[in-house]
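FYI, the numbering just counts along the sequence from 1. None of these values were measured; they are calculated from a predicted model.
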Amino acid sequence: MTLTRPLPGIRLEAVAQPLRDALPRMDIPGFAGFAASGPLHVPVAVEDVAQFAMIFGGDVEVPGGIAHLGPSVRAFFRNGGKRCWVVRVAGAAIANEYAVPNLMRLNPHKPAIAIARSEGSWSDGIRVQTNLVSRVLQFVSSTTETVDVKLGSPRDVAIGDLVRVTYRDAARAMHLFVDAIANGHLTGTAIWTNTTTHAVLATPANTPSESPSVEVLTFDLTAIRENDRPLRMTGLGFAPKHPRYFGALPTDAQLYETNDWQPFWRDTAAPRFSLAAKEPSGFYLPAGMTPFFSDAASATPQSEIALVRDGLKAFTADLFLDASVRHSTVRDLLDRANSLRYEANQKLQGIHALLGIEEATMLAAPDAVHRGWLLDSADKLPAPVNEKPVKKDATPQTFN
């Protein structure tokens with residue numbers, strides 16, 4: 001039986017309080033600023049400091065100090081705030097990638113890749129491990145593309161499971177991605193591999209004469225970060241039809257931008273799992289994966305500095321404003337924005353992403369007060385924008 005929840009433990013979830021007032025609430029602000037993690041340009045409802053930290057991470061370092069979004073949100077809750085909306089703004093940010101240990105993707109046959117759940121340098125220290133979980137089935141018979149087993153329960157095998165039939169003397173194994181089950185007769189897509197090299201083999205003309213071992217396979221994926229509790233997703237599947245398919249692990253953009261959640265997404269949301277799948281389709285195979293934890297894999301090295309990967313290469317108005325409506329006047333702003341949102345189905349960015357949140361009655365962009373910076377291409381270090389010097393004996397300018 002595939003578990004849909006982790007082992008027993010304690011889980012804390014923020015529960016929205018029902019509205020009791022007849023009049024709309026006027027104490028729900030929207031914050032837009034720089035965050036370490038979280039979806040870009042997607043409003044997320046936040047109801048306590050812990051939830052903000054889980055989604056948006058710690059404070060971002062920028063030239064001259066730290067970003068103001070985190071301190072502003074924490075101050076809001078310290079002063080009695082109950083609910084707010086947060087938008088992470090940034091330019092073209094880059095997400096870290098990880099080669100998942102002992103997991104291969106088919107068509108083409110190559111290492112499986114996971115990505116950080118959101119862009120930015122926050123995930124530099126994450127390391128990835130896997131371990132195989134197997135459940136033995138009683139073998140009855142097999143062909144080169146099917147297998148018959150004795151089922152003790154209808155839940156022993158489900159559509160989407162990966163069943164491995166291993167012929168040890170022949171150093172071969174058939175991996176069957178189950179599409180149909182009829183009285184213990186399992187059919188689906190069959191892939192043969194070498195049990196030593198894990199190379200994909202052509203389907204043999206006949207099955208080996210020896211009696212094989214038969215297992216239903218899933219795997220666990222663990223994300224380790226220094227000074228943090230390891231996060232683990234258990235019972236992941238190798239095929240798209242599996243209810244906990246590895247390729248369906250969501251990014252922050254997928255999780256917080258849609259209401260059409262897949263069944264196991266709730267398990268990835270609280271606590272928020274650090275990884276997502278880069279390619280959300282296709283079949284995967286274990287290649288040398290064992291019940292023991294694999295060696296930990298780090299992120300693929302990046303050539304850009306953290307500020308660039310955080311999407312904060314230059315401090316400009318483009319970080320906060322949507323290019324399609326930034327020049328609109330007060331008179332036509334809403335008409336233009338609604339036309340883009342409803343007729344063109346365009347996602348607005350920056351502070352304009354909050355136009356779709358009706359309950360947000362105030363807007364704060366605390367990071368708009370930074371002095372500003374540009375990336376110096378000569379030494380790759382951020383430098384403040386040059387300002388015109390003021391002479392000590394200059395007469396102050398007066399505005400009437």
Side-chain angles (χ1 to χ4, degrees), residues 1-4 6-7 100-107 109-112 114 128-140 142 144-168 170-181 184-201 203 207 211-222 232-249 263-264 267 275 277 279 281-294:
M1 172 178 168
T2 300
L3 297 178
T4 59
L7 294 175
V100 181
N102 303 325
L103 185 66
M104 302 297 294
R105 187 177 188 274
L106 294 174
N107 300 322
H109 193 60
K110 62 180 183 180
V128 180
Q129 288 181 309
T130 59
N131 65 280
L132 192 66
V133 179
S134 66
R135 185 174 68 256
V136 177
L137 298 177
Q138 185 174 345
F139 174 78
V140 176
S142 69
T144 58
E145 295 182 343
T146 66
V147 61
D148 287 84
V149 296
K150 184 176 181 180
L151 299 179
S153 166
R155 294 180 293 182
D156 283 351
V157 183
I159 292 176
D161 280 344
L162 174 59
V163 174
R164 182 172 66 185
V165 183
T166 305
Y167 299 87
R168 302 191 185 280
R172 292 180 181 179
M174 179 181 70
H175 296 81
L176 183 66
F177 299 96
V178 179
D179 288 333
I181 306 170
H185 181 65
L186 311 181
T187 59
T189 302
I191 303 294
W192 285 77
T193 65
N194 184 293
T195 57
T196 303
T197 65
H198 312 296
V200 176
L201 305 175
T203 302
T207 59
S211 180
S213 62
V214 183
E215 308 162 277
V216 178
L217 303 181
T218 59
F219 74 101
D220 299 341
L221 181 65
T222 304
R232 180 174 298 121
M233 287 300 299
T234 60
L236 295 179
F238 300 90
K241 291 183 179 180
H242 194 278
R244 296 173 66 83
Y245 172 49
F246 163 75
L249 285 175
F264 84 110
D267 291 345
L275 303 174
E279 297 171 297
S281 62
F283 295 100
Y284 293 85
L285 282 177
M289 192 181 298
T290 71
F292 302 102
F293 286 116
S294 67

### Message
Using side chain to side chain contact (heavy atoms under 4.5 Å, CB included), reason through Val214 and Val136 one step at a time and then give a plain yes or no.
### Response
CA-CA 6 Å; Val214 183; Val136 177; over 6 Å; no
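- Annotation for Met174 and Thr146: closest pair CE-O, 3.6 Å, computed over non-hydrogen atoms.
- Heavy atoms only, all atoms of each residue included: Leu162 and Tyr284 are closest at CD2-O, 4.4 Å.
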### Task
Could you give me the CA-CA distance, side-chain angles and deciding distance for Tyr245 and Phe264, then say whether side chain to side chain contact (heavy atoms under 4.5 Å, CB included) is met?
CA-CA 9 Å; Tyr245 172 49; Phe264 84 110; 5.6 Å; no
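- Legend: residues meeting side chain to side chain donor-acceptor pair (under 3.5 Å) with Thr193, ordered by chain and number and at least two apart, are absent.
- In this structure Phe283 satisfies the ring pair (Phe, Tyr, Trp, His ring centres under 6.0 Å) test together with Phe177, sequence neighbours excluded.
- Looking at every heavy atom in both residues, Gly160 comes nearest to Ala239 through O-CB, 3.6 Å.
- Applying the salt bridge (charged side-chain N to carboxylate O under 4.0 Å, His left out) rule to Arg172 yields no partners; only residues at least two apart in sequence or on another chain are considered.
- Leu103 contributes atom CG, which lies 10.0 Å from atom OG of Ser294 (distance to the nearest 0.5 angstrom).
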### Task
Dump the intermediate steps for side chain to side chain contact (heavy atoms under 4.5 Å, CB included) on Leu137 and Val157, then the final yes or no.
CA-CA 9 Å; Leu137 298 177; Val157 183; 3.4 Å; yes
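- Between Asp179 and Gly188, the closest heavy-atom pair is OD2-CA, 3.6 Å.
- Ion pairing between Lys241 and Asp161 fails under the 4.0 Å rule for side-chain N and carboxylate O.
- For the pair Leu217 and Phe238, the tightest heavy-atom approach, listed with the atom from each and the gap, is O-CE1, 3.6 Å.
- In this structure, Gln138 CD and Ser213 OG are separated by 13.5 Å, a value rounded to the nearest 0.5 Å.
- Taking Glu215 as the reference, Ser134, Arg164 meet the side chain to side chain donor-acceptor pair (under 3.5 Å) condition, with sequence neighbours excluded.
- With hydrogens and angles ignored, the 3.5 Å screen pairs no side-chain donor or acceptor of Asn131 with any backbone N or O of Thr290.
- The backbone N or O of Thr144 lies less than 3.5 Å from a partner atom in the side chain of Trp192, making a donor-acceptor pair.
- Here Leu201 contributes atom CG and Ile191 contributes atom CD1; the two are 10.5 Å apart, rounded to the nearest 0.5 Å.
- Scanning for side-chain contact (heavy atoms from CB on, under 4.5 Å) contacts around Thr195 gives Thr166, Ala171, Ala173, with sequence neighbours left out.
- Contacts of Thr187 classified as side chain to side chain donor-acceptor pair (under 3.5 Å), with partners at least two apart in sequence or in another chain: none.
- What you find for Gly235 and Asp220 is that their closest heavy atoms are N-OD1, 3.1 Å.
- Here the CD1-CG distance, from Ile181 to Leu151, works out to 7.5 Å after rounding to the nearest 0.5 Å.
- Interatomic distance, Arg244 CZ to Leu236 CG, rounded to the nearest 0.5 Å: 6.0 Å.
- For Pro212, the side-chain contact (heavy atoms from CB on, under 4.5 Å) partners are Phe139, Val165, Tyr167, not counting sequence neighbours.
- Checked against side chain to side chain donor-acceptor pair (under 3.5 Å), Asn102 has no partners two or more places apart in sequence or in another chain.
- Interatomic distance, Asp267 CG to Arg232 CZ, rounded to the nearest 0.5 Å: 14.0 Å.
- In this structure, the side-chain contact (heavy atoms from CB on, under 4.5 Å) partners of Ala287, at least two apart in sequence or on a different chain, are Met104, His198.
- No side-chain heavy atom of Leu176 sits under 4.5 Å from any side-chain heavy atom of Thr189.
- Taking the salt bridge (charged side-chain N to carboxylate O under 4.0 Å, His left out) definition, one finds that Lys110 meets it with Glu279, sequence neighbours left out.
- With sequence neighbours excluded, the residues forming a side-chain contact (heavy atoms from CB on, under 4.5 Å) with Asp148 are Val140, Ser141, His185, listed by chain and number.
- A 4.5 Å side-chain heavy-atom check between Thr130 and Val100 finds at least one atom pair inside the cut-off.
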